[in-house]
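Heads up, the thing below is written out as C-alpha cells.
Computed over heavy atoms, backbone and side chain alike; hydrogens, waters and symmetry mates excluded. Index from 1, following the sequence.
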Amino acid sequence: MREATILLLRACLALLAMPIYLLSFIGIWEPFCKKIFFPFVLEKISAMHEKKAKKQKQELFRNLPDFASPSGELRLLEIGTGCGANFQFYPPGCKVTCTDINPNFQQSLSRNMKKNQHIHYEQFLIAAAEDLRQVPSGSVDAVVCTLVLCSVRSVNDTLKEVLRVLRPGGAFYFLEHVAADHSSWKYFWQQICFPTWKLIFAGCCLTREIWKNLEQANFSELSLQHTSIRLPWTPIQPHIIGFAVK
C-alpha cells in the first residue's frame with residue numbers, strides 16, 4: 001500500500017513538473033539548468049542554508065588550522081565550490097584550490113572571493129569530484145565538500161580521490177544532506193520527491209545514506225554526527241556533519 005501511494009504521488013508531482021520533463025526529453029533542460037537555472041537557484045538555497053547552518057559550520061571548521069603542514073602552511077582543496085559559501089570559515093592565509101564540474105558560477109563566486117580576501121586563491125579547476133587528476137597525490141592538507149556528495153555520480157569514487165589527494169594525516173570535512181530514517185514521514189516524502197527533485201536540481205539525490213560510504217572508506221579516523229538543518233518546504237533537512245582523517 002505504501003509503495004503504491006508513493007508511485008501515485010510521484011506521478012502527480014511529475015504531472016505538475018511536466019513542462020520540465022518535456023524540456024528534458026527534447027534536450028533543452030540540462031544545458032539551461034547547468035548554465036542559468038541551477039547557478040541562480042543554488043545561490044538562493046546556499047544563502048538560506050547558510051543562515052540555518054552557520055553555527056554548525058563555524059564549529060566544523062574550527063580545527064582546520066590543526067591540519068596545517070609542519071611549515072605552518074594550510075593547503076585546502078574544495079570540491080564542488082559552487083558560489084563559494086564556505087570561504088568565510090577558512091583560516092587566514094590558507095591556500096585554496098577550488099573545483100567544480102559546472103563552470104557557470106563565476107558571478108557569485110567572484111563576489112564571495114572579494115568578500116573573503118583573508119585567504120589565497122590558488123586556482124579554479126573544472127573537474128568532476130570522481131576525477132581530480134589535475135591535483136597531485138598527497139598534495140593537500142584538507143579537502144572540503146559540502147552539499148556535493150548528493151549529486152556526484154559515485155560517492156565511493158569521490159572518496160577514493162579525496163584519500164588520494166590528501167597527505168597522510170590530512171582531513172576531509174563534510175556537511176551533506178542524507179536520507180531520513182526509513183520509518184519517518186520525512187523519508188516517505190523524500191521517496192515521493194526523488195525523481196522530480198533529481199531532474200530539477202541537477203542530479204541531486206535525496207535518499208543517499210552517505211554515512212555508510214564514509215564508514216566503509218579507508219580513513220583512519222571518522223568523526224560524524226547526524227543532525228537536522230531546518231529548511232522549510234524542502235525534503236533535505238536530515239544532514240551529516242564531521243571530518244575524517246587519512
Spell out, as yes or no, whether a donor-acceptor pair under 3.5 Å connects the side chain of [X] to the backbone of [Y].
X: Glu130; Y: Asp157; answer: no
X: Trp211; Y: Val178; answer: no
X: Asp141; Y: Ala68; answer: no
X: Ser24; Y: Ile20; answer: no
X: Glu78; Y: Val144; answer: no
X: Gln190; Y: Ala180; answer: yes
X: Gln117; Y: Lys114; answer: yes

Partner of Phe243 by ring pair (Phe, Tyr, Trp, His ring centres under 6.0 Å), out of Tyr173, Phe174, Phe61, Phe172: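 Of the listed residues Tyr173, Phe174, Phe61, Phe172, the ring pair (Phe, Tyr, Trp, His ring centres under 6.0 Å) partner of Phe243 is Tyr173.
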
Side-chain H-bond candidate by donor/acceptor type, Lys57 with Asn86, under 3.5 Å: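 Side-chain D/A pair, Lys57 to Asn86: present.
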
At what distance, to the nearest 0.5 angstrom, does [atom1] of [X] lie from [atom2] of [Y]?
X: Asn102; Y: Leu42; atom1: CG; atom2: CG; value: 9.0 Å
X: His177; Y: Thr207; atom1: NE2; atom2: OG1; value: 10.0 Å
X: Ile240; Y: Thr227; atom1: CD1; atom2: OG1; value: 11.0 Å
X: Cys12; Y: Ile192; atom1: SG; atom2: CD1; value: 9.5 Å
X: Leu64; Y: Phe89; atom1: CG; atom2: CZ; value: 11.5 Å

Note, Leu13 side chain near Trp197 side chain (heavy atom, < 4.5 Å):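 Of all side-chain heavy-atom pairs linking Trp197 with Leu13, none is under 4.5 Å.
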
Met18 side chain reached by Tyr21 side chain, heavy atoms, under 4.5 Å: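 They are in side-chain contact.
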
Inter- and intrachain pairs under side-chain hydrogen bond (donor to acceptor under 3.5 Å, both in side chains), touching residues 233-246, at least two apart: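 side-chain hydrogen bond (donor to acceptor under 3.5 Å, both in side chains) check on residues 233-246 returns His49-His239.
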
Leu214 reachable from Ile79 in the ILVMFWY side-chain graph, under 4.5 Å edges: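 Yes; Leu214 is reachable from Ile79 via cluster members.
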
Mutual orientation of the aromatic rings belonging to Phe37 and Phe201 [parallel < 30°, tilted 30-60°, perpendicular > 60°]: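 Phe37 and Phe201: tilted rings.
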
Carboxylate-amine/guanidinium contact Glu122 Arg75, below 4.0 Å: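 Arg75 and Glu122: not salt-bridged.
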
Sidechain N-carboxylate O distance under 4.0 Å for Glu59, Arg62: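 Yes, this pair counts.
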
Counterpart residues, salt bridge (charged side-chain N to carboxylate O under 4.0 Å, His left out), relative to Arg153 (two or more places apart):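 If we apply the salt bridge (charged side-chain N to carboxylate O under 4.0 Å, His left out) test to Arg153, skipping adjacent residues, there are no hits.
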
Chi angles and distances behind the side chain to side chain donor-acceptor pair (under 3.5 Å) call for Glu209, His182: CA-CA 11 Å; Glu209 298 176 332; His182 285 206; 2.8 Å; yes

